[in-house]
Amino acid sequence: KKSFAYVPDNPDLYDYISGMQYLDFVCDVYGVSEKDRRETIDGLSAAFGLQNELGNMIGSYSHGMKQKLAIIGALSHDPKLLILDEPFVGLDPESTHVLKTMMRRMCDSGCAVFFSTHVLDVAERLCDTVSVIKSGRLVASGSMIDVRGEGTLEDAFLELMADGQRCGFSFEDTALRGAASGNDLSQRGWKPRCPDLSGVGRCGGPRLRLHDVHVHELPCFGGVRRTS
(Lines give C-alpha, C1' and ligand atoms only; values in the text may rest on other atoms or scores of the structure.)
Protein backbone atom coordinates (compact mmCIF):
# COMPACT_ATOMS: atom_id res chain seq x y z
CA LYS A 1 0.00 0.00 0.00
CA LYS A 2 2.97 2.32 0.44
CA SER A 3 3.50 2.17 -3.31
CA PHE A 4 0.34 4.03 -4.29
CA ALA A 5 -1.88 6.95 -3.28
CA TYR A 6 -5.47 7.90 -4.10
CA VAL A 7 -7.19 11.30 -4.22
CA PRO A 8 -11.01 11.21 -4.55
CA ASP A 9 -13.01 13.86 -6.39
CA ASN A 10 -14.50 15.15 -3.13
CA PRO A 11 -12.00 14.62 -0.29
CA ASP A 12 -13.75 13.73 2.97
CA LEU A 13 -11.22 15.01 5.50
CA TYR A 14 -11.34 15.49 9.26
CA ASP A 15 -12.92 18.88 9.97
CA TYR A 16 -11.78 19.22 13.58
CA ILE A 17 -8.04 18.93 13.14
CA SER A 18 -5.66 21.34 11.45
CA GLY A 19 -4.17 20.84 8.02
CA MET A 20 -0.76 20.19 9.55
CA GLN A 21 -2.19 17.61 11.97
CA TYR A 22 -3.79 15.82 9.03
CA LEU A 23 -0.53 15.73 7.08
CA ASP A 24 1.39 14.52 10.13
CA PHE A 25 -1.22 11.78 10.57
CA VAL A 26 -0.79 10.65 6.94
CA CYS A 27 2.98 10.68 7.29
CA ASP A 28 2.74 8.63 10.49
CA VAL A 29 0.61 6.03 8.70
CA TYR A 30 3.16 5.69 5.91
CA GLY A 31 6.20 5.84 8.17
CA VAL A 32 7.67 9.05 6.75
CA SER A 33 10.55 10.32 8.89
CA GLU A 34 10.35 13.67 10.64
CA LYS A 35 13.07 15.14 8.45
CA ASP A 36 11.56 13.93 5.17
CA ARG A 37 8.04 15.01 6.05
CA ARG A 38 9.10 18.53 6.96
CA GLU A 39 10.92 18.97 3.66
CA THR A 40 8.08 17.45 1.64
CA ILE A 41 5.26 19.29 3.39
CA ASP A 42 7.09 22.62 3.24
CA GLY A 43 7.81 22.24 -0.45
CA LEU A 44 4.36 21.01 -1.51
CA SER A 45 2.40 23.46 0.65
CA ALA A 46 4.43 26.34 -0.77
CA ALA A 47 3.88 25.09 -4.33
CA PHE A 48 0.11 24.93 -3.79
CA GLY A 49 -0.05 28.17 -1.80
CA LEU A 50 -1.31 26.46 1.36
CA GLN A 51 1.60 27.05 3.73
CA ASN A 52 -0.15 29.83 5.66
CA GLU A 53 -3.33 27.78 6.12
CA LEU A 54 -1.95 24.57 7.62
CA GLY A 55 -2.51 25.80 11.18
CA ASN A 56 -6.24 26.31 10.58
CA MET A 57 -8.98 23.75 11.11
CA ILE A 58 -9.82 21.78 7.97
CA GLY A 59 -13.49 22.59 8.56
CA SER A 60 -12.72 26.19 7.64
CA TYR A 61 -11.20 25.21 4.27
CA SER A 62 -12.88 25.75 0.92
CA HIS A 63 -13.31 22.82 -1.46
CA GLY A 64 -10.21 23.85 -3.37
CA MET A 65 -8.12 24.05 -0.20
CA LYS A 66 -9.28 20.57 0.85
CA GLN A 67 -8.37 19.29 -2.60
CA LYS A 68 -4.89 20.76 -2.27
CA LEU A 69 -4.46 19.26 1.21
CA ALA A 70 -5.54 15.82 -0.01
CA ILE A 71 -3.08 16.04 -2.92
CA ILE A 72 -0.23 17.06 -0.60
CA GLY A 73 -1.09 14.16 1.70
CA ALA A 74 -1.14 11.75 -1.23
CA LEU A 75 2.28 12.89 -2.41
CA SER A 76 3.85 13.01 1.04
CA HIS A 77 5.18 9.43 0.97
CA ASP A 78 6.51 9.54 -2.61
CA PRO A 79 4.08 7.02 -4.17
CA LYS A 80 5.01 5.08 -7.29
CA LEU A 81 1.37 4.91 -8.46
CA LEU A 82 -0.93 7.94 -8.14
CA ILE A 83 -4.68 7.56 -8.70
CA LEU A 84 -6.83 10.70 -9.00
CA ASP A 85 -10.55 11.18 -9.61
CA GLU A 86 -11.28 14.54 -11.29
CA PRO A 87 -8.17 16.09 -9.70
CA PHE A 88 -8.55 19.58 -11.22
CA VAL A 89 -12.08 20.29 -9.98
CA GLY A 90 -11.96 23.16 -7.49
CA LEU A 91 -8.32 24.04 -8.10
CA ASP A 92 -7.30 27.54 -9.14
CA PRO A 93 -5.37 27.90 -12.43
CA GLU A 94 -1.97 28.20 -10.73
CA SER A 95 -2.51 25.07 -8.63
CA THR A 96 -3.81 23.23 -11.69
CA HIS A 97 -0.58 24.04 -13.51
CA VAL A 98 1.49 22.90 -10.53
CA LEU A 99 -0.36 19.58 -10.32
CA LYS A 100 -0.07 18.92 -14.06
CA THR A 101 3.65 19.58 -13.89
CA MET A 102 4.07 17.21 -10.94
CA MET A 103 2.06 14.49 -12.68
CA ARG A 104 4.16 14.77 -15.81
CA ARG A 105 7.40 14.65 -13.83
CA MET A 106 6.23 11.55 -11.95
CA CYS A 107 5.55 9.78 -15.24
CA ASP A 108 8.86 10.89 -16.72
CA SER A 109 10.67 9.43 -13.69
CA GLY A 110 9.07 6.02 -14.25
CA CYS A 111 6.10 6.25 -11.91
CA ALA A 112 2.51 5.79 -13.09
CA VAL A 113 -0.40 8.23 -12.86
CA PHE A 114 -3.94 7.62 -13.92
CA PHE A 115 -6.86 9.93 -13.51
CA SER A 116 -10.40 10.61 -14.64
CA THR A 117 -11.33 13.89 -16.28
CA HIS A 118 -14.02 15.51 -18.39
CA VAL A 119 -11.51 17.93 -19.91
CA LEU A 120 -10.27 16.22 -23.06
CA ASP A 121 -7.73 18.85 -24.07
CA VAL A 122 -5.99 18.53 -20.70
CA ALA A 123 -5.94 14.76 -21.06
CA GLU A 124 -4.58 15.06 -24.58
CA ARG A 125 -1.69 17.23 -23.42
CA LEU A 126 -0.81 15.10 -20.40
CA CYS A 127 -1.51 11.47 -21.16
CA ASP A 128 0.40 8.81 -23.01
CA THR A 129 -2.38 6.21 -22.97
CA VAL A 130 -6.16 6.52 -23.13
CA SER A 131 -8.76 3.86 -22.39
CA VAL A 132 -12.54 3.95 -22.65
CA ILE A 133 -14.72 1.43 -20.82
CA LYS A 134 -18.43 1.08 -21.40
CA SER A 135 -20.48 -0.92 -18.90
CA GLY A 136 -17.44 -2.84 -17.73
CA ARG A 137 -16.11 -3.53 -21.24
CA LEU A 138 -13.15 -1.89 -22.87
CA VAL A 139 -14.20 -0.29 -26.15
CA ALA A 140 -11.10 1.75 -26.96
CA SER A 141 -7.55 1.57 -25.67
CA GLY A 142 -4.10 2.47 -26.88
CA SER A 143 -1.54 5.20 -27.08
CA MET A 144 -2.83 8.73 -27.37
CA ILE A 145 -1.63 8.89 -30.98
CA ASP A 146 -3.33 5.61 -31.90
CA VAL A 147 -6.65 6.55 -30.29
CA ARG A 148 -6.93 10.10 -31.59
CA GLY A 149 -5.52 9.37 -35.05
CA GLU A 150 -4.85 12.44 -37.16
CA GLY A 151 -7.47 14.53 -35.35
CA THR A 152 -7.89 15.57 -31.74
CA LEU A 153 -8.90 13.43 -28.78
CA GLU A 154 -12.24 15.23 -28.79
CA ASP A 155 -12.79 14.27 -32.43
CA ALA A 156 -11.98 10.65 -31.62
CA PHE A 157 -14.26 10.66 -28.60
CA LEU A 158 -17.17 12.12 -30.54
CA GLU A 159 -16.66 9.51 -33.23
CA LEU A 160 -16.63 6.77 -30.58
CA MET A 161 -19.79 8.22 -29.09
CA ALA A 162 -21.51 8.25 -32.50
CA ASP A 163 -20.43 4.65 -33.15
CA GLY A 164 -21.66 3.68 -29.69
CA GLN A 165 -25.06 5.21 -30.29
CA ARG A 166 -25.38 3.28 -33.54
CA CYS A 167 -24.49 0.11 -31.63
CA GLY A 168 -26.98 0.79 -28.85
CA PHE A 169 -25.13 2.76 -26.17
CA SER A 170 -23.83 6.24 -25.44
CA PHE A 171 -20.77 7.64 -23.71
CA GLU A 172 -20.75 10.24 -20.95
CA ASP A 173 -17.36 10.51 -19.27
CA THR A 174 -13.71 9.92 -20.02
CA ALA A 175 -10.82 8.75 -17.95
CA LEU A 176 -7.23 8.76 -18.98
CA ARG A 177 -3.91 7.63 -17.75
CA GLY A 178 -0.47 9.11 -18.08
CA ALA A 179 2.41 6.76 -17.64
CA ALA A 180 5.92 6.60 -18.96
CA SER A 181 8.85 4.32 -18.44
CA GLY A 182 11.93 5.83 -16.83
CA ASN A 183 15.39 4.96 -15.68
CA ASP A 184 15.22 6.17 -12.06
CA LEU A 185 12.54 3.70 -10.95
CA SER A 186 13.80 0.74 -12.95
CA GLN A 187 17.25 1.15 -11.48
CA ARG A 188 15.71 0.74 -8.04
CA GLY A 189 14.01 -2.48 -9.12
CA TRP A 190 10.56 -1.12 -9.97
CA LYS A 191 8.71 -0.80 -13.25
CA PRO A 192 5.09 -0.01 -14.27
CA ARG A 193 3.03 -2.96 -15.47
CA CYS A 194 -0.34 -2.99 -17.24
CA PRO A 195 -2.36 -5.94 -18.53
CA ASP A 196 -2.52 -6.70 -22.25
CA LEU A 197 -5.96 -5.45 -23.25
CA SER A 198 -5.55 -5.63 -27.01
CA GLY A 199 -8.60 -6.75 -28.90
CA VAL A 200 -10.94 -6.42 -25.93
CA GLY A 201 -14.33 -4.79 -26.24
CA ARG A 202 -16.93 -4.34 -28.91
CA CYS A 203 -20.18 -2.44 -29.05
CA GLY A 204 -23.57 -4.07 -28.66
CA GLY A 205 -26.31 -4.74 -26.10
CA PRO A 206 -29.34 -2.71 -25.02
CA ARG A 207 -29.47 1.08 -25.22
CA LEU A 208 -28.41 2.69 -21.96
CA ARG A 209 -29.20 6.06 -20.45
CA LEU A 210 -26.35 8.56 -20.18
CA HIS A 211 -25.92 8.15 -16.44
CA ASP A 212 -25.66 4.37 -16.86
CA VAL A 213 -22.51 4.75 -18.93
CA HIS A 214 -19.11 5.55 -17.46
CA VAL A 215 -15.67 5.67 -18.92
CA HIS A 216 -13.00 4.63 -16.48
CA GLU A 217 -9.25 4.39 -16.34
CA LEU A 218 -7.36 1.39 -17.53
CA PRO A 219 -7.64 -1.22 -14.72
CA CYS A 220 -3.97 -1.23 -13.84
CA PHE A 221 -4.00 -2.02 -10.09
CA GLY A 222 -0.77 -3.46 -8.95
CA GLY A 223 0.50 -1.24 -11.74
CA VAL A 224 3.94 -1.09 -10.17
CA ARG A 225 5.77 -4.30 -9.41
CA ARG A 226 9.21 -5.39 -8.32
CA THR A 227 11.18 -7.12 -11.02
CA SER A 228 12.83 -10.46 -10.43
Side-chain angles (χ1 to χ4, degrees), residues 1-15 17-119 121-128 176-180 182-185 188 190 192 217 224:
K1 291 183 178 180
K2 288 185 178 181
S3 297
F4 71 88
Y6 169 65
V7 180
D9 62 335
N10 188 24
D12 189 12
L13 307 179
Y14 303 103
D15 285 345
I17 62 175
S18 69
M20 182 59 76
Q21 288 174 321
Y22 170 78
L23 294 176
D24 277 331
F25 167 71
V26 173
C27 289
D28 285 342
V29 169
Y30 286 103
V32 181
S33 69
E34 187 69 26
K35 177 179 181 294
D36 289 343
R37 76 177 62 180
R38 291 280 78 81
E39 293 178 356
T40 301
I41 291 174
D42 288 347
L44 290 173
S45 62
F48 284 103
L50 205 63
Q51 69 270 39
N52 295 327
E53 306 294 339
L54 293 181
N56 298 331
M57 296 292 104
I58 296 175
S60 67
Y61 284 15
S62 65
H63 173 78
M65 293 167 65
K66 290 180 180 179
Q67 186 80 352
K68 294 177 187 180
L69 186 67
I71 292 169
I72 294 171
L75 294 173
S76 62
H77 65 285
D78 190 25
K80 306 301 180 287
L81 172 64
L82 181 62
I83 308 165
L84 308 105
D85 184 7
E86 297 288 352
F88 306 114
V89 174
L91 292 184
D92 56 84
E94 185 176 2
S95 295
T96 296
H97 175 74
V98 169
L99 179 57
K100 288 189 293 185
T101 300
M102 290 180 176
M103 292 164 65
R104 186 67 262 173
R105 286 177 179 173
M106 283 187 66
C107 292
D108 291 342
S109 71
C111 299
V113 177
F114 65 92
F115 66 102
S116 64
T117 181
H118 287 81
V119 187
D121 59 337
V122 169
E124 187 170 4
R125 290 196 301 269
L126 285 179
C127 297
D128 304 307
L176 302 109
R177 167 181 166 273
N183 294 326
D184 293 344
L185 199 60
R188 297 200 300 268
W190 292 86
E217 172 46 49
V224 182

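These numbers come from a predicted model, not from an experiment.
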Quiz item: Within the side chain of S95, is there an N or O that forms a donor-acceptor pair under 3.5 Å with the backbone of L91?
Solution: no
Practice problem: Count the heavy atoms of every other residue, nucleotide or ligand shown that sit under 6.0 Å from CZ of R105, and state whether that count exceeds 12. | Solution: no
Quiz item: Is there a side-chain contact (heavy atoms from CB on, under 4.5 Å) between I83 and F114 once you walk through the steps?
Solution: CA-CA 5 Å; I83 308 165; F114 65 92; 3.6 Å; yes
Quiz item: With a 4.5 Å limit on heavy-atom distance, are the side chains of L44 and I71 in contact?
Solution: no
Practice problem: Drop me the distance from M102's CE to H97's NE2, to the nearest 0.5 angstrom. | Solution: 10.5 Å
Quiz item: So, the side chain of S116 versus the backbone of E86: is there a donor-acceptor pair under 3.5 Å, distance only?
Solution: yes
Quiz prompt | Nearest atoms (heavy-atom pairs only) where S76 meets V32 | solution = O-CG2, 3.9 Å
Quiz item: Can you find a pair of side-chain heavy atoms, one from H77 and one from T40, that are under 4.5 Å apart?
Solution: no
Quiz item: If we only count heavy atoms from C-beta on, is the D28 to R37 side-chain gap below 4.5 Å?
Solution: yes
Quiz item: When rounded to the nearest 0.5 angstrom, what distance separates CG in L13 from CZ in F25?
Solution: 11.0 Å
Practice problem: Flag the pair K2 and D78 as a salt bridge only when some basic side-chain nitrogen lies within less than 4.0 angstrom of an acidic carboxylate oxygen. | Solution: no
Quiz prompt | Lys/Arg-Asp/Glu bridge criterion (N-O < 4.0 Å) met for R38, D42 | solution = no
Quiz prompt | Counterpart residues, ring pair (Phe, Tyr, Trp, His ring centres under 6.0 Å), relative to Y14 (two or more places apart) | solution = none
Exercise. Report the residue from L54, V7, V26, L23 that forms a side-chain contact (heavy atoms from CB on, under 4.5 Å) with I72.
Key: L23
Exercise. Begin from the C-alpha positions of D85 and Y6 and carry the test side-chain contact (heavy atoms from CB on, under 4.5 Å) through to its verdict.
Key: CA-CA 8 Å; D85 184 7; Y6 169 65; 4.2 Å; yes
Quiz item: Can you tell me if Q67 uses its side chain to pair, donor with acceptor, with the backbone of P11 under 3.5 Å?
Solution: no
Quiz item: Can you tell me if Q21 uses its side chain to pair, donor with acceptor, with the backbone of S18 under 3.5 Å?
Solution: yes
Quiz prompt | From CG (L50) to OG (S45), nearest 0.5 Å | solution = 7.0 Å
Quiz item: Rounded to the nearest 0.5 Å, how far does CD1 of I41 lie from CG of D24?
Solution: 5.5 Å
Quiz item: Is the backbone N or O of G73 less than 3.5 Å from a side-chain atom of Y22, with the two atoms forming a donor-acceptor pair by type?
Solution: no
Quiz item: Could you give the distance from CG (D9) to CZ (F115), rounded to the nearest 0.5 Å?
Solution: 14.5 Å
Quiz prompt | Residue pairs, two or more places apart or on separate chains, that pass salt bridge (Lys or Arg N to Asp or Glu O under 4.0 Å) and touch residues 60-76 | solution = D15-K66, K68-D92
Exercise. With the side chain counted from C-beta on, respond yes when F48 and L69 share a heavy-atom pair under 4.5 Å apart, and no when they do not.
Key: no
Self-check item: Heavy-atom check, side chain of M106 versus side chain of K80, under 4.5 Å
Solution: no
Quiz prompt | Nearest-0.5 Å distance, OG of residue S62 to CD of residue E53 | solution = 8.5 Å
